[in-house]
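Here the structure comes first, spelled out in structure tokens, and everything after it is commentary.
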Amino acid sequence: MGQVWQITRALLVVWALAVWALLILLPGLEQIINMETAMLHLPYVLIGLALVEAVVAAHSLRADRHLLWFLSVLLMLAGWM
């Protein structure tokens with residue numbers, strides 16, 4: 001059972017990277033046209049990046065509750081974007 005959870009944890013981290021890239025980074029960068037739109041969309045891209053870094057750190061530290069919490073917050077941000 002421990003081996004299955006290790007694989008699942010690794011897949012969750014890869015999934016978090018994919019969610020950030022496909023649902024936050026790419027749409028955010030496409031909507032940046034000038035300085036005004038950059039000020040609007042760039043913070044969400046950076047917040048998403050910080051959440052991805054938190055997911056990777058939680059994975060490295062084996063903090064599973066934090067991993068799941070950061071993933072859920074990242075999904076909420078992606079859904080809101």
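Under a 3.5 Å cut-off, the side chain of D64 and the backbone N or O of L67 do not form any donor-acceptor pair.
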For this session: Start with the C-alpha distance between L29 and I32, add both sets of side-chain angles, then the distance that settles side chain to side chain contact (heavy atoms under 4.5 Å, CB included), and finish with yes or no.
Result: CA-CA 5 Å; L29 291 180; I32 294 176; 4.2 Å; yes
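Between the CG atom in L51 and the CE atom in M76 there is a gap of 9.0 Å [rounded to 0.5 Å]. Atom OG of S60 is separated from atom CZ of R9 by 8.5 Å, given to the nearest 0.5 angstrom.
Sorted by first and then second residue, the pairs that involve residues 30-70 and meet ring-ring contact (aromatic ring centres under 6.0 Å, His included), not counting sequence neighbours, are Y44-W80.
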Sequence neighbours excluded and cut-off under 3.5 Å, please list the side-chain donor-acceptor pairs for residues 16-27, or say none.
from, atom 1, to, atom 2, distance (Å)
W20, NE1, V45, O, 3.2

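With contacts defined as side-chain heavy-atom distances shorter than 4.5 Å, the pair T37/L42 does not qualify.
In the hydrophobic clustering of this structure, V55 groups with L46; members are Ile, Leu, Val, Met, Phe, Trp, Tyr whose side-chain heavy atoms approach within less than 4.5 Å, directly or through other members.
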